[in-house]
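Report on one structure; see the data block that follows.
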Amino acid sequence: MAADIDVLFQPADLGNLKLPNRIVMAPMTRSFSPGNAPGADVAAYYRRRAEGGVGLILSEGVSPNTTTATGTPNVPNIATDDAKAGWKKVITEVKAAGGMMGLQLWHEGPYRNPAKTQHPETPSWSASGVKVPGKPLWEPMTEAEIETAIDEFVNAAAATKALGFDCVEFHGAHSYLIDSFFWGQTNLRQDQWGGDWAGRTRFACEIIRRTRERVGAGFPLIVRLSQWKQQDFAAQTAKTPDEMQQWLSPLVEAGIDIFHCSQRRFWEPAFQDSTLNFAGWAKKLTGKPSISVGSVGLSGEFTAAYAGEISEPASLDDLVNRMDAEEFDMIAVGRALLQDPQWANKIRDGRAGELMAFSKDALMTLS
Ligand SMILES: Cc1cc2nc3c(=O)[nH]c(=O)nc-3n(C[C@H](O)[C@H](O)[C@H](O)COP(=O)(O)O)c2cc1C
């Protein structure tokens with residue numbers, strides 16, 4: 001018998017964030033923002049997901065500055081007046097449809113390709129100038145650059161709150177700037193920003209701590225983390241639960257509210273000898289709410305989908321069982337929602353026959 005999907009549609013009380021159900025739209029870069037400012041089509045795209053019954057929408061990655069944060073054309077920022085005005089329209093549309101939404105703040109760090117940007121003379125920023133372990137490309141960030149990057153994240157988070165969003169997420173996953181400090185293979189620093197766990201978490205903690213000071217106690221702060229790296233899917237920032245504790249606890253002390261634990265397949269265990277996934281361990285180790293993600297409702301994972309693999313609709317039974325067991329609190333859904341804004345409503349209403357396969361053709365439009 002199929003597991004009961006009702007658990008996905010129970011309200012969630014995540015401390016200072018109260019959500020109508022357990023489904024989060026995962027952050028997905030769409031590159032449909034000419035001039036790096038989201039337009040009416042982007043606002044309508046997010047509004048459709050709110051109308052489709054998603055409990056919380058997380059935006060595509062949004063740059064906190066106009067210089068070092070991205071090399072990808074048409075990626076929105078939240079640093080210019082035009083972009084802020086665009087995001088105001090987005091949250092106004094989402095609210096009009098009864099939805100809730102946060103912005104994901106994304107600094108590409110070593111994954112920005114200077115040659116493809118308007119500022120090719122500006123080196124990319126990362127903890128030690130390393131993208132592929134063992135092959136440094138740039139100088140390590142200076143103290144002044146680190147301070148600037150922290151300020152830019154804090155200003156972007158404050159702007160997110162001021163515009164009326166419900167929360168902000170710091171992208172600390174997938175080998176980008178913040179993750180380049182976490183992972184020992186890309187953080188070779190011997191100063192206060194590297195070395196032990198206290199050093200490697202300091203950059204994220206300063207962003208979180210100073211944001212908390214600026215936005216106050218009530219505004220929810222989420223951090224997205226991943227063990228896997230773009231350079232190495234099998235990488236583990238934390239190799240044991242004890243190491244994971246040393247990674248996550250400082251972030252809690254700094255003021256984070258919710259962990260968003262990125263996996264390519266949500267059912268894969270984080271460590272041997274336990275079926276708990278990353279979000280399960282984050283919740284167990286910190287007592288904080290957590291969001292899981294990865295291949296929900298689809299047969300294949302997202303990096304293969306970029307290469308053209310078609311993913312068919314898949315069972316939600318394992319997900320439902322884990323949520324019944326309260327392993328984690330929320331589930332983020334990426335491609336299924338990119339493909340079909342009505343995905344959550346169809347699941348709720350048992351319209352299984354209407355669920356769609358994901359093909360990368362969906363990336364070409366903002367439907
Ligand atoms: C087109 C696309 C763009 C993405 N962009 C981002 C992003 O900006 N930030 C981020 O943290 N993850 C990004 N991801 C990863 C998704 O948030 C999610 O973790 C991944 O797609 C797995 O979920 P899924 O299997 O439900 O698609 C992206 C994924 C896709 C398919």
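Remember, it's 1-based here, ligands and their atoms both numbered in the order they're listed. Just so you know, these numbers come straight off a predicted model, no measurement behind them.
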Using a 4.0 Å cutoff against the non-hydrogen atoms of Gly61, which atoms of ligand 1 qualify?
8 (O)

Which of the numbered atoms in ligand 1 are below 4.0 angstrom from a heavy atom of Ala26?
17 (O)

Specify the protein heavy atom at minimum distance from atom 19 (O) of ligand 1: its residue, its atom name, and the distance to 0.1 Å.
Arg224 NH2, 2.9 Å

Between Arg322 and Asp317 (salt bridge meaning N to carboxylate O under 4.0 Å), is one present in this structure?
no

Donor-acceptor side-chain pairing of Ser295 and Arg264 below 3.5 angstrom
no

What do you reckon, does Ala173 put a non-hydrogen atom under 4.0 Å from ligand 1?
no

Evaluate Leu363 for polar contact with ligand 1, using N/O atom pairs at a separation under 3.5 Å.
no

Close-contact set for ligand 1 against His171 heavy atoms, below 4.0 Å:
9 (N), 10 (C), 11 (O)

Ligand 1 to Ser295, heavy atom cutoff 4.0 Å, flagged ligand atoms 24 (P), 25 (O), 26 (O)

Do Trp87 and Val62 make a side-chain contact, defined as non-hydrogen atoms from C-beta onward lying under 4.5 Å apart?
yes

Are there over 12 heavy-atom neighbours, none belonging to Glu243, within less than 6.0 Å of that residue's CD?
yes

Report, as yes or no, whether the 6.0 Å neighbourhood of atom CD on Glu213 holds more than 12 heavy atoms from other residues, nucleotides or ligands.
yes

N-O pairing of Lys95 and Asp166 below 4.0 Å
yes

Starting from atom 9 (N) of ligand 1, what is the nearest protein heavy atom, named by residue and atom, and what distance separates them?
Gln104 OE1, 2.9 Å

Is it true that Glu51 and Arg48 have a side-chain N and a carboxylate O under 4.0 angstrom from each other?
no

Does Trp106, backbone or side chain, put an N or O under 3.5 Å from an N or O of ligand 1?
no

Can any side-chain N or O of Glu312 pair as donor or acceptor with the backbone N or O of Gly300 at less than 3.5 Å?
no

Tell me which protein heavy atom sits closest to atom 26 (O) of ligand 1, plus the residue, atom name and distance to 0.1 Å.
Gly334 N, 2.8 Å

What is the nearest protein non-hydrogen atom to atom 22 (C) of ligand 1, stated with its residue, atom name and distance?
Phe302 CD2, 3.6 Å

Taking only heavy atoms of Arg335 into account, list the atoms of ligand 1 that are under 4.0 Å away from them.
24 (P), 25 (O), 26 (O), 27 (O), 31 (C)

Are any of the heavy atoms in Tyr306 under 4.0 Å away from ligand 1?
yes

Test side-chain hydrogen bond (donor to acceptor under 3.5 Å, both in side chains) applied to Ser226 and Gln263, step by step
CA-CA 7 Å; Ser226 66; Gln263 295 185 245; over 6 Å; no

Does the residue Val293 have a heavy-atom contact with ligand 1, meaning some pair of atoms that are separated by less than 4.0 Å?
yes

Non-hydrogen atom of Glu301 closer than 4.0 Å to ligand 1
no

Minimum-distance protein heavy atom relative to atom 14 (N) of ligand 1
Pro27 O, 3.3 Å

What residue among Tyr176, Trp247, Phe170 forms ring pair (Phe, Tyr, Trp, His ring centres under 6.0 Å) with Phe182?
Trp247

Answer with yes or no whether His174 contacts ligand 1, where contact means a heavy atom under 4.0 Å from a ligand atom.
yes

Just to confirm my output: which protein heavy-atom neighbour is closest to atom 8 (O) of ligand 1, and how far is it?
Thr29 OG1, 2.6 Å

Ligand 1 to Ser262 polar contact by distance, N or O atoms, under 3.5 Å
no

Any nitrogen or oxygen of Arg264 lying under 3.5 Å from a nitrogen or oxygen in ligand 1? Just yes or no.
no

Below 4.0 Å from any atom of ligand 1, is there a heavy atom belonging to Ala336?
no

Below 4.5 Å, heavy atoms only, C-beta onward: do Ser63 and Val75 meet side chain to side chain?
yes

What orientation do Phe181 and Phe203 show, parallel under 30°, tilted 30 to 60°, or perpendicular over 60°?
parallel

Assess whether a salt bridge exists between Arg210 and Glu147, defined as any Lys/Arg side-chain N lying under 4.0 Å from an Asp/Glu carboxylate O.
yes

